[in-house]
Structure formats: structure tokens, C-alpha cells
2 protein chains.
Amino acid sequence: MIKIDADRLLGDLRRLSEFGKYETGVDRTAFSAEDIAARQWLAGRMEEAGLTPQFDRYGTVLGRSGKGGKAVLLGSHTDTVPRGGWLDGALGVIYGLEVARALAEAGSDAAIDVISFQDEEGTFLPCLGSKSFCGFLEEAELAAGARADGLPLASVLPLEGMPDRLVTLDPARHVAFLEAHIEQGPRLITTDIGLGLVTGIVGIRRFRISASGEANHAGTTPMSMRKDAGASLIRLAAELLEKMPEWGTAESVWNIGAIEFRPGAPNVVPAEASLVFEYRDLSDAVIARVEAKMREAVAAREAADPVTYAIAPMGKVDPLAMDPGLQAAFAATAERLDYRFMTMPSGAGHDAMIVGKCVPAMMMFVPSIGGRSHDVTENTADSDLIRGCEYLANATNDLFASGWVAGRG
Amino acid sequence: MIKIDADRLLGDLRRLSEFGKYETGVDRTAFSAEDIAARQWLAGRMEEAGLTPQFDRYGTVLGRSGKGGKAVLLGSHTDTVPRGGWLDGALGVIYGLEVARALAEAGSDAAIDVISFQDEEGTFLPCLGSKSFCGFLEEAELAAGARADGLPLASVLPLEGMPDRLVTLDPARHVAFLEAHIEQGPRLITTDIGLGLVTGIVGIRRFRISASGEANHAGTTPMSMRKDAGASLIRLAAELLEKMPEWGTAESVWNIGAIEFRPGAPNVVPAEASLVFEYRDLSDAVIARVEAKMREAVAAREAADPVTYAIAPMGKVDPLAMDPGLQAAFAATAERLDYRFMTMPSGAGHDAMIVGKCVPAMMMFVPSIGGRSHDVTENTADSDLIRGCEYLANATNDLFASGWVAGRG
């Protein structure tokens with residue numbers, strides 16, 4: 001059984017949270033001064049752990065083990081959303097660092113590389129670092145990258161003190177990517193299970209559905225003469241909510257998070273009405289079925305009401321299953337060492353969604369108190385932080401010890 | 001049969017529309033320089049018609065006939081909404097002026113007073129002029145009067161060149177108030193009937209219905225653990241729309257004109273959701289029944305969903321029936337002179353709603369092309385404008401000729 005240094009783990013997490021500290025959380029958006037300072041501190045901790053830190057032009061930092069042969073890559077991202085939590089991606093990075101240290105201290109020959117990708121949160125470009133690492137970043141996407149206030153990504157490059165090179169996946173070396181994260185939901189905390197083994201990262205479809213009718217005086221226009229975009233959209237929205245349990249699966253989630261009527265006056269029949277409908281599932285087939293059913297419902301509503309509809313796709317993320325072999329190996333470690341766990345999809349995106357397209361990837365979750373994340377109140381009990389890292393160290397060690405790593409490629 | 005001067009009528013309407021002309025409409029909000037200039041021009045036309053114009057401190061202008069005895073008051077308002085139409089209240093004022101001229105020219109002894117009330121449109125205070133005229137204006141309401149941009153009513157008073165007095169209803173003299181207006185709806189134009197005789201002005205109830213739940217990540221929070229204020233409100237809104245035909249009557253109208261989810265992000269379960277629901281009907285009993293049913297539906301929704309609801313009244317206008325004797329008299333004139341007409345409620349508020357609380361009131365409508373109003377595209381065919389005024393002159397004359405006026409009071 002691999003032992004970790006709990007004080008060192010918690011100390012590093014707490015030290016990292018000082019960079020961009022905001023109330024009880026952290027405001028450390030990608031490319032901010034706090035973000036770059038945190039990455040420089042991290043590079044120092046990597047060196048102290050015997051890893052060779054390599055920065056790239058975006059600020060992604062890879063701590064490369066001196067050990068040769070096949071390596072397992074652990075990590076996540078140290079950038080945060082504005083006014084975010086102290087754990088989030090930082091947890092996966094510091095877990096990676098501690099696993100590398102713990103295995104080295106245990107006398108293991110395992111090659112453990114550790115990485116903190118840049119801008120997973122999409123301050124300028126979501127998963128910029130992991131996309132670049134895997135060679136997925138296209139010129140057009142880079143050119144379009146911009147902050148919400150319009151500041152282009154190009155304006156913050158080149159980054160002072162960073163080399164003009166890219167850190168990239170080494171297919172001959174990196175045989176797996178392991179990413180730990182807080183759950184960002186309430187399943188573990190409400191069931192009092194300390195460990196979530198992720199089955200896959202859900203795909204997301206997001207659509208703006210808009211109805212167009214005619215603005216009219218809501219006092220003087222008889223009901224039968226209206227072209228009420230708002231009333232039609234409300235009926236459609238109620239149908240979507242009613243039917244989704246049937247169109248999706250027990251694992252599907254969906255949301256109508258935004259809705260707007262125009263002109264929006266109490267005494268004017270809405271001329272325009274729109275909502276944003278999104279849903280998530282692990283299965284491509286389910287995702288396609290829901291979209292088809294949604295389009296049928298919109299067409300039926302348009303046929304029934306004196307309004308016209310438009311459907312604008314707003315975003316599309318394909319689902320990514322975690323590697324079946326890694327899922328089995330992680331479950332075996334948990335069972336062998338008697339860690340209670342549950343399997344669950346990840347409802348949010350992560351760097352593993354990108355890296356997992358190139359090499360086998362696996363994610364694990366620790367509980368989020370109150371299910372909260374992306375907020376200064378985000379937190380996890382120290383005992384859960386320690387047990388989660390101890391588990392990951394053993395699961396990683398088992399990948400080498402069992403011959404899983406040697407058997408790859 | 002009383003004859004009017006069609007060229008004089010149309011000429012006055014067109015001249016009045018030059019004050020604050022905006023595209024094909026008029027922007028002549030209450031207390032603006034254009035509004036005051038229009039009222040001064042109107043006073044001049046009143047004098048030319050043999051009426052004595054009397055301004056009051058708000059700019060309401062009453063043209064008082066030199067004839068003694070019981071009088072009928074005709075008019076409306078010459079202020080407009082921003083970027084409004086050229087007819088609206090101006091029609092009722094110029095109709096009154098032309099009726100006074102036509103009856104005088106026909107040798108009638110009828111005392112016809114004509115009025116243009118201030119700020120019917122509520123730039124600072126809805127129906128300010130008619131409320132003041134009837135003595136309904138309270139100090140608190142006056143003190144609270146303000147423009148949408150915050151400018152207080154008090155800051156535009158006293159009005160330059162206006163006397164510091166009020167023009168008020170003379171109960172011994174004014175036995176009826178007659179207000180002509182464009183329909184502001186599509187009933188007349190779509191049935192090709194030139195004249196609407198108004199049965200009453202509908203009452204209005206308006207409520208903001210708000211649901212409170214909990215914001216959660218829409219990817220990581222299982223459906224069963226959400227407190228989705230948006231989904232609950234959509235279900236409620238669909239129920240209100242479905243049930244209203246049953247709760248109301250064939251004459252009722254209703255609208256959900258505004259809706260909002262907060263925080264309003266596609267991937268966040270709405271913590272707060274609210275809508276504005278309004279409905280209108282002529283009957284106090286129907287108005288009360290709908291409110292009771294609406295409250296039951298909200299309570300049932302609150303019991304079914306993990307959210308809490310609040311209902312905030314936003315406005316309340318009581319219905320006002322037109323005087324039954326005047327309705328009968330107006331119908332008799334139309335039948336005698338073979339004017340096709342339909343009876344209908346007014347779905348919008350008017351000065352007659354205020355003045356009708358003090359003296360018998362009656363309204364008539366002419367067709368609105370496309371049902372449009374409060375917009376620069378508002379218009380009525382010249383032939384409809386002429387016939388409407390001719391009808392009103394005869395209906396007014398008949399009130400005197402039939403002894404209705406003499407029989408009052």
C-alpha cells in the first residue's frame with residue numbers, strides 16, 4: 001500500500017489557493033498575473049519533487065519524470081473561473097504531484113509525469129492547453145479565442161517569460177492520462193461515498209429555440225387574432241420538460257436555463273420569444289434521438305400555432321467514455337483496498353475529454369460539500385481530500401504493478 | 001341630419017399632427033414643448049369655434065361654450081406616447097371641436113364643451129388631467145408622479161404661461177362625457193364595420209408571479225435533486241394559458257408579456273424565475289374569479305414542486321361600464337341613420353374611465369388599420385374618420401333633441 005504525505009498534500013493545495021485568493025475561494029483566470037505566478041510556483045514544486053518542469057507558450061506546465069519508458073500522465077488545470085473555488089482543477093494537479101512524490105518515495109520505478117493545462121475554464125478558449133497538447137488546436141480557433149469582454153487571445157501572447165514552444169503529448173511515452181477532480185455535484189456527498197469512478201464525460205447539445213409572432217396590444221387584440229410567440233414557446237417548453245424523461249435515459253440531464261420575451265412589456269403580446277435548451281448524455285444514440293424528438297416537437301408546435309420557429313445550435317460536445325481497461329483497473333484497486341466507490345458519468349467537461357481522444361483516460365471524483373463548485377463556497381472535507389489522493393496513488397501504482405502500463409502500445 | 005365639414009376636420013387633425021411630428025407618427029409626450037405648443041394651437045381653434053379656452057396648471061385645456069344650461073362634454077387628450085400615432089386621443093379632441101362647430105352651424109342651441117386632458121398616456125402620471133378634472137388626484141399620487149427616467153412631475157411644474165388654477169368638472173353643467181377614439185385593435189377593420197359602440201372599459205389585473213429554487217450545475221446535478229424554479233414556472237405558465245378560457249369569459253383577454261430566469265445561463269438550473277401575468281374583463285365577478293383560480297393554481301404548483309412562490313400585484317384598474325342610457329341612445333342614432341356598428345368593450349384605458357365615475361360617459365371607436373396603435377404606423381382611412389365624426393355629431397345632437405340632456409339631473 002502506497003502512503004502519501006497528507007500534510008504535504010493539504011499544504012500544497014492551501015499554498016496554491018493563495019494565488020488569486022478571493023474570499024473563501026480563488027479568482028485565478030487563465031493568463032492573469034495570479035495564474036502565471038501559480039504556474040511558476042508549481043514548476044518549483046515539480047523540481048523539488050524530482051520532475052523537470054517544461055513551460056510552453058500558453059503557460060501549460062509539464063513536470064517530466066526523469067524515469068524512462070512508458071509513463072502515466074496525471075494532472076488537470078490550475079486556472080479557475082472568476083470567483084471560483086480553491087479545488088476544482090487544482091486538486092487534480094496537486095494530486096498528480098503528490099502521487100509522483102509518493103511513488104518515488106515508495107521506491108517505485110514508475111514514470112509519472114504531471115501537468116497543469118492552460119485555460120480549461122475557457123476564459124479565452126476552453127481546454128486551450130489540452131487541445132494544444134494533443135495537436136487539436138486549429139489556427140481559426142486560436143484566432144477566434146477571446147475573453148467575454150472582447151479582449152482577443154492574441155493580445156495576451158507571447159506570454160512574458162514563456163518559451164515559444166509547445167508542450168505536446170509523447171505517444172511513445174504517455175500511455176494513460178489520469179485526472180482527479182471534485183464531483184461538482186451532490187451524488188457522493190448525499191450518499192456519503194468518498195470516491196466516484198467516472199464512466200465517461202457526457203456529450204452536450206445546446207439549442208436556442210426561437211418563436212416569431214406579432215406584437216399586439218394585449219388589451220385590445222382578441223385572443224383569436226393573436227400571434228403570440230410567448231404563449232407558443234411556453235407550451236413548447238412545457239412539452240420538452242414533460243417528454244425528456246421518456247426521450248432520454250435515467251442518466252440524461254437537461255435544462256432550460258434562459259428564456260426571453262420581446263418586447264417584454266406586460267401589456268404587449270410577445271412578438272419574439274426564445275429559450276436555451278440543453279441536454280447531456282453519455283450515449284451518442286441517445287443524444288441523436290433527443291435532438292430528433294425535440295425537432296419533431298418544435299415542428300408540431302409550429303404547425304399548431306400561428307408562429308414560426310427557428311432552432312439554432314449553440315454548442316456541441318461529443319461524449320467520451322473513460323477507457324474500459326482503466327475503469328476496470330481503478331475498480332479493482334478500490335475493491336482490493338476497500339475504498340467505497342460509486343460509478344458515475346461526469347456531467348461537466350474536463351481536460352480528460354480532450355486527452356482521452358488520444359490516449360486511454362480515466363477520471364475520479366471526490367465529494368463536493370453541498371454539491372457546490374465554480375463558487376467561493378466550493379469545498380471538500382480534508383479527510384476526503386486525503387483519502388482520494390491515497391486511493392489515486394495506489395490505483396496509479398497498480399497500473400504499473402499489474403503490468404497494465406507495460407502491456408500498452 | 002347634422003353635416004360636418006370634412007376638410008376642416010381632416011385639416012385640423014393633420015395640422016395637430018405637425019406638433020411633434022415623428023416619421024409618419026407623432027412624439028408629443030405630456031409636458032414636452034411640442035405638447036404645450038399643440039395645446040396653445042388648440043386653444044386658438046377653440047376660440048375661432050366660439051368656445052372660451054381655459055387652461056389649468058397642468059395644461060389641460062377646456063373650451064367652454066357660451067351657451068348656458070346643461071352641457072355635453074366631448075374630448076380626450078392630445079398628449080401621445082413616445083413615437084406614437086397621429087390619431088389616438090387627438091381624434092377625440094378634434095371630433096369634439098368639429099361637433100361643437102357643426103352643431104353651432106346647424107343653428108343648435110346645444111351647449112358643447114370640448115376638452116383635451118393632460119397626460120392620459122402616463123408620461124408622468126396616467127390620466128393626470130382627467131383625475132384632476134374630477135377631483136380624484138391625491139397629494140401622494142401627485143408627489144410620486146415621475147417619468148420613466150426618474151424626472152419628477154414636480155420638476156416640470158409650474159408650467160410656463162399656465163394659470164395656477166384647476167379646470168374642474170361642473171356637476172350642474174356637465175351631464176355627459178363623450179369620448180371618441182381609434183379602436184387600437186383589429187375587430188372593426190377585419191369585419192369592415194366602421195363604428196364601434198363601447199359597452200365598457202375593461203378592468204385590469206396584473207401580477208408578478210415569482211418562483212424561488214436553487215441554482216445548480218445543469219450537468220452535474222441529477223434531475224431528482226434539483227430545485228428548478230424555471231421548470232416549475234414554465235409548468236405553471238402553461239397551466240394558466242390552458243385554463244384561462246375556462247376561468248374567464250369569451251370577452252376576457254390575458255397575456256404573459258414578460259418572463260425572466262436567473263441567473264439565466266444555459267448550464268445553470270434557474271434559481272429564480274418570474275413572469276408577469278395580466279388579464280382584463282368587464283365584470284368585477286369574473287376578475288375576482290380569475291384571481292382566485294390563479295392563486296389556486298400557484299398554490300398547487302408550489303405544493304407539487306420543490307420551489308416557493310410569491311405573487312405580487314402590479315396594478316389594478318377597475319372596470320367601468322358605459323352609461324346604459326347613453327349606450328341605448330347611441331345605438332338608436334346609428335340605427336336611425338343607418339350606420340353599421342358593433343358593440344365591444346374597450347380593452348385599453350381612456351379618460352372616460354375616470355370621468356365616467358362622475359357623470360354618464362360613452363365612447364365610440366373608429367377602425368384602426370391593421371389594428372395598430374401607439375406606433376407611427378397607426379392610421380385610419382379618411383372616409384372612416386369623416387363618417388365617425390358625422391355620426392358623433394348626430395348622436396350628440398340627438399341627446400339634446402330627444403330630451404335626454406334636459407332630463408338629466
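Letters A, B, ... mirror the listed sequences (proteins, then strands); counts begin at 1.
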Determine the option with the most heavy-atom pairs under 4.5 angstrom with chain B, choosing from A:Asp375, A:Val268, A:Val276. A:Val268
Among A:Ala215, A:Ser224, A:Ala237, who wins on heavy-atom pairs under 4.5 Å with chain B? A:Ala237
Quick check on B:Gln184 against chain A: is it the side chain, the backbone, both or neither that has a heavy atom closer than 4.5 Å? both
Would you mind telling me which of A:Ser368, A:Gly185, A:Pro245 has the largest number of heavy-atom pairs within less than 4.5 Å of chain B? A:Gly185
Among A:Ile204, A:Ile259, A:Thr221, which residue has the highest count of heavy-atom pairs closer than 4.5 Å to chain B? A:Ile259
More than 12 heavy atoms from other groups under 6.0 Å of CZ on A:Arg83: no
Minimum heavy-atom distance A:Met223-B:Ser252, with the two atoms named: CG-O, 3.9 Å
Considering all heavy atoms, the nearest A:Ala218-B:Glu278 contact: CB-OE2, 4.0 Å
Segment of B:Arg226 engaging chain A (4.5 angstrom heavy-atom cut-off): side chain
Nearest atoms (heavy-atom pairs only) where A:Ala258 meets B:Gly264: CB-O, 3.4 Å
Distance-minimising heavy-atom pair for B:Gly347 and A:His217: O-CE1, 4.2 Å
Output the option from A:Gly349, A:Gly219, A:Pro345 having the highest count of non-hydrogen pairs under 4.5 Å with chain B. A:Gly219
Beyond-backbone contact of A:Ile256 with B:Phe261, side-chain heavy atoms, under 4.5 angstrom: yes
Report which part of B:Val253 has an atom under 4.5 Å of a heavy atom belonging to chain A: side chain, backbone, both, or neither. both
CZ on B:Arg235 to CG on A:Leu241, rounded to 0.5 Å: 5.0 Å
Pick one of side chain, backbone, both or neither for A:Val269, based on which atoms fall under 4.5 Å of a heavy atom in chain B. both
Chain A contact via B:Asn267 - side chain, backbone, both or neither, heavy atoms under 4.5 Å: both
Heavy-atom closest contact (B:Pro186 atom, A:Met225 atom, distance): CG-SD, 3.2 Å
For the atom pair CD1 (B:Ile234) and CG (A:Leu240), what is the distance rounded to the nearest 0.5 Å? 8.5 Å
If I measure from the heavy atoms of chain B, does A:Arg262 come under 4.5 Å with its side chain, its backbone, both, or neither? neither
Write down the atom of B:Asn255, the atom of A:Ala265, and the distance for their closest heavy-atom approach. ND2-O, 4.2 Å
Identify the residue among A:Arg187, A:Glu251, A:Met344 that makes a side-chain contact (heavy atoms from CB on, under 4.5 Å) with B:Pro222. A:Arg187
